[in-house]
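All values below come from the heavy atoms of this structure, side chains included, with hydrogens, waters and symmetry mates left out. One is the number of the first residue; the rest follow in order along the sequence.
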Amino acid sequence: MATADARTSADVSIRRRDVVVAAVTALVSIGLLLSLPAIDAADPDGSSLGFPLGKDVGSGGWWLLLVVLLVQSAALLPVRRLPGSVLVATAALAVVPAAVAGALYGMSALPVGVAVVLLVLTIPPLRRWPALVAAAALVATGVTINMLVAFGAPLAAAVGQGLLQAVGVVALPLLAALVVRSRREVGVARRDEQRALVGEREAMVDATLARERAAMARELHDIAAHHLSGIALMAGVVDRQIDTDPEQAHAGVRQVRDQSSAVLDDLRRLVGLLRDESAAAERSVETFVTLPELVARTPGDVRFSVLRPLGSDDDGPFGAGIGPLAQLAAYRTVQEALANAAMHAPGTACSVQVDDRSAEQVTVAVHNDPPSAAPVAGSSAGGFGLLGMRERAELVGATVSAGPAADGGWDVRLVLPREGSSR
């Protein structure tokens with residue numbers, strides 16, 4: 001509705017401009033005719049042109065020229081819809097008083113020049129070149145007739161004057177209008193370029209925001225899934241032990257409390273990072289070094305091991321040549337794999353193994369035994385965790401695979417290429 005209203009308003013504005021152009025052309029033309037006596041009074045002997053301009057005022061030719069000028073001006077009204085026809089019509093009307101208008105005949109060229117300008121500004125001139133050629137031929141014909149009848153000029157001189165007048169009435173306005181049209185098109189092109197640049201910047205901002213939203217969603221999923229799966233598992237165990245083994249039930253409740261506090265702390269740190277990026281983040285750097293801590297916080301039977309090269313320190317650092325972003329991806333992969341194991345295979349033993357023996361890569365493997373109980377009630381299998389693993393792996397140039405193990409359990413395997421050369 002708004003677009004239709006805007007289009008209607010634009011059409012009304014264009015029609016008003018066409019009326020104004022036609023009215024101004026008529027006023028200028030009639031004003032010149034009516035001012036001829038005043039021009040002669042200023043130059044009584046007609047020395048500037050060699051003859052007095054006002055001598056034919058009130059004659060039949062003068063009245064015919066007046067009517068033709070009014071009709072030519074009125075013919076300019078539909079120029080937006082019929083630019084070529086309007087141009088030819090105004091040029092053809094100019095031929096009517098050629099034989100009787102005498103020296104005043106040149107005034108009939110004004111509406112023709114205006115029609116040329118309007119045609120060029122409305123549509124590309126090459127699409128209406130027949131109309132331009134026809135108008136030039138009509139102008140040349142009218143001037144030739146006027147020169148032969150009013151001034152008794154020889155035919156060759158009359159034709160030459162007609163061609164010269166055609167150039168002045170059609171070609172010169174055409175060139176001027178082309179300059180105006182080209183400048184207008186350049187302005188439109190610049191505005192379009194600016195809009196395109198603005199649109200490109202907005203698209204880049206939207207893409208950046210989408211990536212940030214996806215990253216935040218992954219972080220929230222990893223944090224919440226790991227801790228909440230442990231809470232759900234422990235809550236199920238407490239529900240079964242609360243009557244048969246109160247002491248173990250109390251211990252399970254304490255673990256639920258610890259997991260709840262941990263997830264709140266992690267979420268609080270994440271929200272703090274989102275609120276103020278310039279402030280120092282009070283959170284631990286999640287790398288290979290923090291994997292044992294992650295395993296220790298995970299409820300159930302979870303073991304952690306590192307396979308090291310021969311002769312290396314069993315207690316020394318591992319994962320050399322793996323950047324911090326890749327180590328964060330490994331940490332999140334292990335966290336997600338343990339959360340999935342707790343949800344889909346509760347109570348089974350899990351193992352986390354980091355193979356640091358290869359000089360080209362580090363392999364992180366998470367395995368859980370076959371499930372011995374039904375999945376935790378309410379657990380989902382939407383696959384977003386596996387999708388997050390793959391996205392993180394692609395981001396750091398790693399490969400990840402997940403699927404059933406030979407013993408009926410489940411394996412997750414992440415292979416991280418080292419950044420440096422082989423040791």
Side-chain angles (χ1 to χ4, degrees), residues 7-36 61-146 162 164-185 188:
R7 188 181 298 111
T8 301
S9 177
D11 292 340
V12 171
S13 178
I14 290 175
R15 286 196 295 269
R16 287 176 178 174
R17 286 200 297 268
D18 292 341
V19 171
V20 170
V21 170
V24 170
T25 303
L27 289 175
V28 171
S29 302
I30 304 307
L32 287 174
L33 279 179
L34 296 178
S35 65
L36 293 180
W62 184 89
W63 282 106
L64 178 61
L65 180 60
L66 177 63
V67 173
V68 167
L69 289 174
L70 290 174
V71 175
Q72 284 180 309
S73 300
L76 296 175
L77 290 174
V79 69
R80 302 283 177 176
R81 292 182 289 107
L82 303 168
S85 299
V86 167
L87 174 60
V88 174
T90 54
L93 286 169
V95 179
V96 174
V100 295
L104 304 179
Y105 175 72
M107 294 185 180
S108 64
L110 176 61
V112 179
V114 173
V116 171
V117 173
L118 293 177
L119 180 143
V120 175
L121 296 180
T122 303
I123 58 174
L126 291 180
R127 293 173 53 185
R128 290 291 186 270
W129 66 267
L132 291 168
V133 172
L138 289 169
V139 170
T141 300
V143 172
T144 300
I145 294 174
N146 180 258
L164 182 63
Q165 189 76 3
V167 171
V169 173
V170 177
L172 293 182
L174 173 64
L175 292 177
L178 285 175
V179 172
V180 174
R181 182 184 180 91
S182 64
R183 291 178 64 87
R184 186 173 65 182
E185 290 177 348
V188 172

| task | Rounded to the nearest 0.5 Å, what's the gap from CG on Leu69 to CE on Met107? Could you check? | result | 8.0 Å
| task | For side-chain contact (heavy atoms from CB on, under 4.5 Å), just list the numbers for Val79 and Leu119, CA-CA rounded to whole Å, side-chain angles, deciding distance to a tenth of an Å, and then say yes or no. | result | CA-CA 7 Å; Val79 69; Leu119 180 143; 5.5 Å; no
| remark: Taking every heavy atom of Val169 against every heavy atom of Pro173, the minimum-distance pair comes out as O-CG, 3.0 Å
| Got a second to check how far Ile145's CD1 is from Thr141's OG1, nearest 0.5 Å? | 6.5 Å
| field | Closest approach of Leu121 to Val180 (non-hydrogen atoms, all atoms of both residues) | value | CD2-CG1, 3.9 Å
| said: side-chain contact (heavy atoms from CB on, under 4.5 Å) for Val179 and Leu175? Distances and angles first, verdict last. | reply: CA-CA 6 Å; Val179 172; Leu175 292 177; 5.7 Å; no
| said: Quick check: closest heavy atoms across Leu65 and Pro97, and the distance to 0.1 Å? | reply: CD1-CG, 4.0 Å
| field | For Ala131 against Leu87, the heavy-atom pair lying closest together | value | O-CD2, 3.8 Å
| In Å, rounded to the nearest 0.5 Å, how long is the span from OG1 of Thr90 to CD of Gln72? | 6.0 Å
| query | Are Leu66 and Ile30 close enough, and set up right, to give a side-chain contact (heavy atoms from CB on, under 4.5 Å), and what steps lead you there? | reply | CA-CA 7 Å; Leu66 177 63; Ile30 304 307; 2.7 Å; yes
| field | Leu138 to Val88 - nearest heavy-atom pair and separation | value | CD1-O, 3.7 Å
| Arg81 and Val86: side-chain contact (heavy atoms from CB on, under 4.5 Å), yes or no, with the steps? | CA-CA 9 Å; Arg81 292 182 289 107; Val86 167; over 6 Å; no
| Backbone of Ala26 reached by a side-chain donor or acceptor of Ser29 within 3.5 Å | no
| task | Starting at CG of Leu93, measure out to CG of Leu70 and round the result to the nearest 0.5 Å. | result | 11.5 Å
| task | Over all heavy atoms of both residues, which pair between Leu76 and Ala22 is shortest? Give the atoms and the distance, please. | result | CB-CB, 4.3 Å
